[in-house]
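Have a look at the structure below, then the notes.
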Amino acid sequence: MSESINNKKPRIFSGIQPSGNITIGNYYGALKNWVAMQDEYEALFCVVDLHAITLKQEPGKLRAKTRELIALYIAAGLDPVTNIIYPQSHVRQHAELSWILNCFTYMGELNRMTQFKDKSSKNEANINAGLYTYPVLMAADILLFQTDIVPIGDDQKQHLELTRDIAQRFNHTYSDTFVVPEAFFGKVGARIKSLQEPTAKMSKSDANPNGAIALLDEPNVITNKIKRAVTDSVGEINYTDKQPGVKNLIDIYCCKTGETAEQAMNKFEGQNYGFLKKEVAEATVEELRPVQEKFYQLIKDKKYLDEIIKTNSEKASYIAEKTLRKVKKKVGFII
Ligand code: TYM
């Protein structure tokens, strides 16, 4: 089934929502892994604006954030010529396949989605149907491209499992139609925690601005946020779940250096929290500096970005249409 069987590179698909400012959680949990994987795979990296409107968005801001995120993908090191980088709303097949897959997904399955429970409890005034069927759209994103591997952070694991279940159900009902995708998680960075509440994940929508480091935060802002990060009263650096704040800082450090926690502990053992924070801040600033520099060059060139969006959306649409036609035929539509 997989196109990789025909000597083609296996395919990866992943995406980030253009809602809010993307964080080092998104960067270390997803984007940095994409950059490392891009040469070995045929890759599609989507800016998932259809997903973003499940929460209220201001139109002008959403448009700006979408273009910004395309620029950030490139600034982080993704090649827009060899990879397909595009906004989801430019490829109408996402929404079409999503409808069809809605009819192959049970409400019982969606009721179990922890992210829906979490997001609806935080947005009681706007629990819309899109928020509820969001995981089906995510399944459509992935299955549309016969994706082999989906590099994501830990919080998307349940959605990926549902995607696999939907693919298997469809394949079983008709005949092999979709590649059943596998998740890929990085060794470190799959779950970066909030700096202010180190048992919760770092999130773009964190109400406390000190909880998350945005990719475009200035060096002094990064340093101050890390200085203020919540630790504990143990007063000793250990890599343990009993000290989640300290553990998170070590993880963030390792994301930059590529070291294991054990290796990093050689440096931090016996030191104080001030030293740890200084090292983590320097490492983070150093990691983000070239990304920010490239971003500010790219974002000035709207024409270049819009050209990338246009050509890449066409490429994505071409691949997507092949799957969609197959699906439509199987379910019994005249094609
Ligand atoms: P989103 O926009 O919330 O996050 C984008 C990616 O960043 C990862 N991530 C994290 N990783 C580590 N630590 C964190 N604190 C952290 N926060 C976020 C996420 O796991 C994700 O990989 N539903 C998805 C977007 C999506 C998608 C897809 C992903 C839509 N369709 C198809 C893959 C394939 C989402 O809301 O991600």
Side-chain angles (χ1 to χ4, degrees), residues 11-34 37 43-55 57 62 65-66 69 72-73 76 84 86-89 91 94-95 97-98 101 113-116 118-119 122 130-131 133-164 166-167 181-206 211-215 244 247-248 251-252 254-255 316 320:
R11 193 173 279 159
I12 56 180
F13 180 97
S14 200
I16 301 178
Q17 294 190 64
S19 50
N21 296 322
I22 87 158
T23 72
I24 58 165
N26 303 124
Y27 178 73
Y28 286 132
L31 192 45
K32 197 176 176 188
N33 293 329
W34 305 351
M37 296 166 96
L44 294 107
F45 299 114
C46 190
V47 173
V48 292
D49 50 358
L50 298 180
H51 280 89
I53 61 162
T54 54
L55 300 178
Q57 303 292 338
L62 179 61
K65 290 279 164 209
T66 302
L69 198 45
L72 272 173
Y73 283 7
I84 303 179
Y86 71 102
Q88 191 182 25
S89 61
V91 177
H94 285 268
L97 182 61
S98 179
L101 296 183
M113 294 293 120
T114 54
Q115 208 159 77
F116 171 69
D118 184 45
K119 285 193 178 170
K122 287 182 187 147
L131 196 62
T133 58
Y134 175 116
V136 185
L137 178 58
M138 179 160 162
D141 300 341
I142 297 166
L143 301 180
L144 202 46
F145 296 101
Q146 307 296 353
T147 303
D148 298 286
I149 308 282
V150 187
I152 40 176
D154 207 40
D155 62 326
Q156 298 299 318
K157 200 172 180 178
Q158 198 186 26
H159 291 160
L160 210 274
E161 276 159 17
L162 177 67
T163 302
R164 290 171 54 86
I166 296 172
E182 303 279 344
F184 172 92
F185 305 103
K187 282 197 200 77
V188 275
R191 188 171 277 265
I192 301 291
K193 305 289 175 47
S194 160
L195 298 178
Q196 289 299 312
E197 204 187 325
T199 47
K201 78 163 183 177
M202 182 179 285
S203 158
K204 317 182 193 80
S205 55
D206 199 329
I213 295 175
L215 233 54
K247 183 173 185 225
N248 190 38
D251 281 339
I252 294 173
C254 291
C255 283

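Position 1 is the first residue of the sequence, and the numbers go up from there. Order of listing sets the numbers, starting from 1, for every ligand and every atom in it. All values below come from the heavy atoms of this structure, side chains included, with hydrogens, waters and symmetry mates left out.
Side-chain atoms of Y73 never come within 3.5 Å of backbone atoms of Y86 as a donor-acceptor pair (strictly under, hydrogens ignored). A distance-only check finds a donor-acceptor pair linking the side chain of D49 to the backbone of S89 [under 3.5 Å].
The single protein non-hydrogen atom nearest to atom 10 (C) of ligand 1 is G25 O, 3.4 Å, given as residue, atom name and distance. Scanning the protein heavy atoms around atom 37 (O) of ligand 1, the nearest turns out to be Q156 NE2, 3.8 Å. Among all protein heavy atoms, the one lying closest to atom 35 (C) of ligand 1 is Y134 OH, 3.3 Å. Among all protein heavy atoms, the one lying closest to atom 1 (P) of ligand 1 is K204 NZ, 3.5 Å. For atom 33 (C) of ligand 1, the closest non-hydrogen atom on the protein side is S14 OG, 3.5 Å. For atom 25 (C) of ligand 1, the nearest protein heavy atom (residue, atom name, distance) is G15 O, 3.6 Å.
Contact annotation: for L31 versus ligand 1, there are no heavy atoms closer than 4.0 Å. If you look at S203 next to ligand 1, there are no close heavy atoms at all, none under 4.0 Å. Contacts between I192 and ligand 1, counted as non-hydrogen atom pairs separated by less than 4.0 Å, involve both the backbone and the side chain. Of all the heavy atoms of Q17, the ones lying under 4.0 Å from any atom of ligand 1 are found in both the backbone and the side chain.
Each of D118, D155, D154 was scored for a salt bridge (charged side-chain N to carboxylate O under 4.0 Å, His left out) with K201, with one residue passing: D155.
Between the choices V150, N26, T23, the shortest heavy-atom distance to atom 9 (N) of ligand 1 belongs to N26. For atom 20 (O) of ligand 1, the choice among N248, D155, I152, T147 with the nearest heavy atom turns out to be D155.
Near G29, meaning under 4.0 Å from any of its heavy atoms, are these atoms of ligand 1: 11 (N), 12 (C). For ligand 1, the atoms lying closer than 4.0 Å to a non-hydrogen atom of I142 are 32 (C), 34 (C). Atoms of ligand 1 lying under 4.0 Å from any heavy atom of F13, numbered from 1 in the order shown and given with element: 32 (C), 34 (C). Close approach of ligand 1 to A30 is summarised as follows: ligand atoms under 4.0 Å from at least one heavy atom of the residue are 6 (C), 7 (O), 22 (O). Within ligand 1, the atoms closer than 4.0 Å to a non-hydrogen atom of V48 are 25 (C), 30 (C), 31 (N), numbered from 1 in the order shown.
I152 approaches A183 most closely through the heavy-atom pair CD1-CB, 4.1 Å. In this structure, L31 and L215 approach most closely via the heavy-atom pair CD2-CD2, 4.4 Å. Scanning all heavy atoms of the two residues, the minimum distance from L160 to E182 falls at CD1-C, 3.9 Å. Contact record, I192 with C255: CD1-SG, 4.0 Å, taken as the closest heavy-atom pair. For L44 against A316, the heavy-atom pair with the smallest separation is CD2-CB, 4.1 Å.
Of the polar atoms of M202, at least one N or O is found under 3.5 Å from an N or O of ligand 1, judged by distance alone. Residue-to-ligand polar distances place D141 within reach of ligand 1: an N/O pair is separated by less than 3.5 Å. Between G153 and ligand 1, a contact under 3.5 Å exists for at least one N or O pair.
Checked against the 6.0 Å centroid threshold, H94 and F145 count as a close aromatic pair.
The distance from atom CZ of F45 to atom CZ of F13, rounded to the nearest 0.5 Å, is 10.0 Å. A distance of 8.5 Å separates CG in D206 from CD in Q196, rounded to the nearest 0.5 Å. The CD atom of Q115 sits 5.5 Å away from the OH atom of Y134 when rounded to the nearest 0.5 Å.
Classification of K247 and D251 as a salt-bridged pair fails, no side-chain N sitting under 4.0 Å from a carboxylate O.
For Y28, the heavy-atom gap to ligand 1 stays at 4.0 angstrom or more.
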